[in-house]
Participant: 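Dumping the structure here so I can ask a few things about it.
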Amino acid sequence: MDLHDFALIAVILAIAAAAGLVATRLRQPMIVAFIGVGVLVGPTGTGWVVADSTIELLARMGIAILLFLVGLRLDMHLIRTTGPVALITGLGQVLFTAVIGYLLAVGFDMDTVAALYVALALTFSSTIIIVKLLSDTRELEQIHGRIAVGLLIVQDIIVVLVMIAINAFGQRTDDTMTVSIVLVVAKGLGLMAGIALLMKFVLPWLLNQVARSQELLVLFGVAYAVSVAAVTETLGFSSEVGAFVAGVSLASTPYRDALGARLVSLRDFLLLFFFLDLGAGLDFADAAGHLPEAVIFSLFVLVGKPLIVVVIMSAMRYPVRIGFATGLPLAQISEFSLILAALGLSLGHITNATVSLITVIGLVTIGGSTYLILYSHRIYRRIERWLRVLEWTGSRRAEPAEADRAVYAILYGLGRFGRHVADQLSAAGHRVLAVDFDPHRLAANNREGITAVFGSAEDLHFLESLPLAQARFVISTIPLLDVNMALLHGLRHHGYPGHVVVTAHTPHDADQLRYAGAEFILEPFSLAAEAASEVFTRLAGNEDGGATHPGTEAGDRRPKDPDQSPT
């Protein structure tokens, strides 16, 4: 096709939009569509796009913005609040995946350097895809979602350190290794000192001035990220490292969320050009010869990585279900894996064949893991009986001394709804034993009359340690159908004689729980809708009759808060 640059970009963008539409209909992330378009318009496909300075510049801008946003959202507090599990699981998963991946690569007769790159590529998972899918399925704020995000932060830090190491020591020089290390450390310390001075004396004042205009805030963010990236590249590090450091330096400011939200669309647009550039440089001429490797590596990522997480978390005495829900989203390789492969190719460490292999693994695993996440509950029900062999019979249960034997109610879940229920019961003079498996929620509980212990609603053994004979109510404020079904089964198994109250988010779930024998069912959304309807009806009556006004006795009558109507 003989088109000038502007028309060619227009055609490519139109193809990308069409591919994106197909991807969304197939419930696939946009990254799959972008990679496909890159291959389609590259030399392997139509040949419309070849690697040139324009495409490469836009691609580097996209990677810089991506890493800037990763650094901007780096929340070390999240790792602390999820306890040691995020750090230990993250490091353990990276170590075991890399070792097994390396052994598999060596088994396929790859040379040492190529095997290392493949092993590292298998290790990392896509923060963008996982956070988006967990958000879509409303699992981001659940305990496994919080652990998964903390684990991804650990991975992001590791991949940046790996990229620094590759850039620092990956190129041959005439200097001795000792001199190289000293220079790298000195320049790194100098960079960190400069950024620290900016964070303390310049950035707070500058951001206050810039943030008066939202357009200027976005422009400043892009300019700052690219400028720091250019400085680090001049110092001998990669521009990607500089963009990440720039993001970290703004992560503690009050403007990070506004800045991050406004740069997401620009990131997604510019990443298209990275995958165009990647596709333009790929050569699938010998892809058929690497098909067995691609299949084995993809199966290892789709099955092995989640299993590694399950085993590690089970060893830390987390319920198998939580380990499974945390590990399954990691069953793909990351956009950083592709960036790492492109970096290795530019440094001459690996060939196009290795980059093509990693890209194929990425396409297969990213596409496959999307469906694994969407159907995770069904998959778990099918394989639960096999995973149960990994369950520790002593999984984090409350000691009898922790459970007040005069409790009035045992309450599962200390989320927003659960806290309101516990507070109402405590205010009425009742003793409450609250059960949750989120360490952050347990640590934050300081309410009088409420004892909080670590436990899972699905753990039959855990029920044995609870004072079921003394409690008049067992209340679950967890709105997950599978969890409540398991709790009902466990209570029947132990012959619990009191009242059981469970929570449902949808009428369908309520019907399922009612059919399973639930005595009382809380529906927070329905209760909130009824309360809102009462408010609107009363306000409309006030406007029509004019008899009452806000502040009078009649106008002050308020419907009951649905969060405060547990029983």
Side-chain angles (χ1 to χ4, degrees), residues 138 142 319 321 377 381 384 397-398 403-437 441 447 449-531 533-534 559-567:
R138 298 179 180 178
Q142 295 178 27
R321 177 186 172 276
H377 297 297
R381 285 197 295 268
E384 179 181 8
R397 62 180 64 190
D404 190 331
R405 296 188 179 277
V407 296
Y408 175 81
I410 299 171
L411 184 140
Y412 281 91
L414 277 174
R416 286 173 295 181
F417 187 40
R419 287 197 302 270
H420 281 293
V421 174
D423 287 342
Q424 274 299 102
L425 289 172
S426 179
H430 301 303
R431 300 291 299 176
V432 178
L433 176 63
V435 181
D436 203 299
F437 48 59
R441 292 176 182 171
R447 296 165 176 80
I450 302 174
T451 302
V453 297
F454 190 102
S456 169
E458 298 171 294
D459 190 346
L460 289 175
H461 301 288
F462 176 76
L463 284 172
E464 298 172 357
S465 67
L466 298 178
L468 294 176
Q470 288 78 27
R472 293 184 57 187
F473 286 89
V474 171
I475 305 168
S476 170
T477 60
I478 304 169
L480 300 177
L481 179 61
D482 292 345
V483 172
N484 287 321
M485 286 290 197
L487 179 60
L488 289 171
H489 171 72
L491 291 172
R492 282 197 301 267
H493 176 76
H494 286 83
Y496 173 64
H499 303 291
V500 181
V501 183
V502 294
T503 302
H505 264 180
T506 68
H508 175 266
D509 288 354
D511 291 339
Q512 293 284 94
L513 292 168
R514 204 171 285 114
Y515 182 77
E519 189 176 359
F520 301 105
I521 299 175
L522 303 177
E523 298 182 64
F525 290 158
S526 298
L527 291 171
E530 292 173 7
S533 177
E534 290 181 19
K560 289 192 296 183
D561 185 342
D563 280 347
Q564 299 178 354
S565 310
T567 57

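These values consider heavy atoms only, across backbone and side chains, with no hydrogens, waters or symmetry-generated copies.
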Participant: Please tabulate, for side-chain N and O atoms in residues 472-487, each donor-acceptor pair with protein atoms closer than 3.5 Å (sequence neighbours left out).
Facilitator:
from: Ser476; atom 1: OG; to: Ile478; atom 2: N; distance (Å): 3.4
from: Ser476; atom 1: OG; to: Asn484; atom 2: OD1; distance (Å): 2.5
from: Thr477; atom 1: OG1; to: Tyr412; atom 2: O; distance (Å): 3.0
from: Thr477; atom 1: OG1; to: Gly413; atom 2: O; distance (Å): 3.1
from: Asp482; atom 1: OD1; to: Arg381; atom 2: NH1; distance (Å): 3.2
from: Asp482; atom 1: OD2; to: Arg381; atom 2: NH1; distance (Å): 3.3
from: Asn484; atom 1: ND2; to: Ile478; atom 2: O; distance (Å): 2.8
from: Asn484; atom 1: ND2; to: Leu480; atom 2: O; distance (Å): 3.3
from: Asn484; atom 1: ND2; to: Thr503; atom 2: O; distance (Å): 3.0

Participant: I want to check something: taking the side chain as every heavy atom from C-beta on, are Arg431 and Gln470 in contact at a cut-off of under 4.5 Å?
Facilitator: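 A side-chain contact under 4.5 Å is absent here.
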
Participant: Determine which pairs satisfy salt bridge (Lys or Arg N to Asp or Glu O under 4.0 Å) with at least one residue from residues 495-504, sequence neighbours left out, and list them in order.
Facilitator: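 Applying salt bridge (Lys or Arg N to Asp or Glu O under 4.0 Å) to every pair that reaches into residues 495-504, excluding sequence neighbours, yields nothing.
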
Participant: Rounded to the nearest 0.5 Å, what's the gap from CG on Leu513 to CZ on Phe520? Could you check?
Facilitator: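 Reported value, rounded in 0.5 Å steps: 14.5 Å.
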
Participant: Would you name the heavy atoms of Ala422 and Leu411 that are closest together and state the gap between them?
Facilitator: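 In this case the closest contact between Ala422 and Leu411 is N-CD1, 4.0 Å.
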
Participant: Scan for salt bridge (Lys or Arg N to Asp or Glu O under 4.0 Å) pairs involving residues 417-430, sequence neighbours excluded, and state none if there are none.
Facilitator: Asp423-Arg447

Participant: Could you grab the distance from atom CD1 of Ile410 to atom CG of Leu433, nearest 0.5 Å is fine?
Facilitator: 5.5 Å

Participant: Checking Val502 against Leu522 for the side chain to side chain contact (heavy atoms under 4.5 Å, CB included) test, could you report, in this order, the C-alpha distance in whole Å, the side-chain angles of both residues, the deciding distance, and whether it holds?
Facilitator: CA-CA 6 Å; Val502 294; Leu522 303 177; over 6 Å; no

Participant: Does Val432 reach the side chain of Thr451, with side-chain heavy atoms less than 4.5 Å apart?
Facilitator: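 Of all side-chain heavy-atom pairs linking Thr451 with Val432, none is under 4.5 Å.
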
Participant: Could you tell me which non-hydrogen atom of Ala504 sits nearest to which non-hydrogen atom of Ile521, and how far apart they are?
Facilitator: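 In this case the closest contact between Ala504 and Ile521 is CB-CG2, 4.0 Å.
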
Participant: Measure across Pro524 and Phe417 and return the closest heavy-atom pair with its distance rounded to 0.1 Å.
Facilitator: CG-CE2, 3.6 Å

Participant: How would you list, by chain and number, every residue that makes a side-chain hydrogen bond (donor to acceptor under 3.5 Å, both in side chains) with Glu384, sequence neighbours excluded?
Facilitator: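 By the side-chain hydrogen bond (donor to acceptor under 3.5 Å, both in side chains) rule, Glu384 matches Arg388.
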
Participant: Quick one: side-chain hydrogen bond (donor to acceptor under 3.5 Å, both in side chains) partners of His499, sequence neighbours excluded?
Facilitator: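 For His499 the side-chain hydrogen bond (donor to acceptor under 3.5 Å, both in side chains) partners, ignoring immediate neighbours, are Glu519.
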
Participant: What salt bridge (Lys or Arg N to Asp or Glu O under 4.0 Å) pairs are there with at least one residue in residues 490-508, not counting sequence neighbours?
Facilitator: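 Output for this query is empty, none listed.
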
Participant: Going by heavy atoms in the side chains, are Thr506 and Glu523 under 4.5 Å from each other?
Facilitator: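 Answer no - side chains too far apart.
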
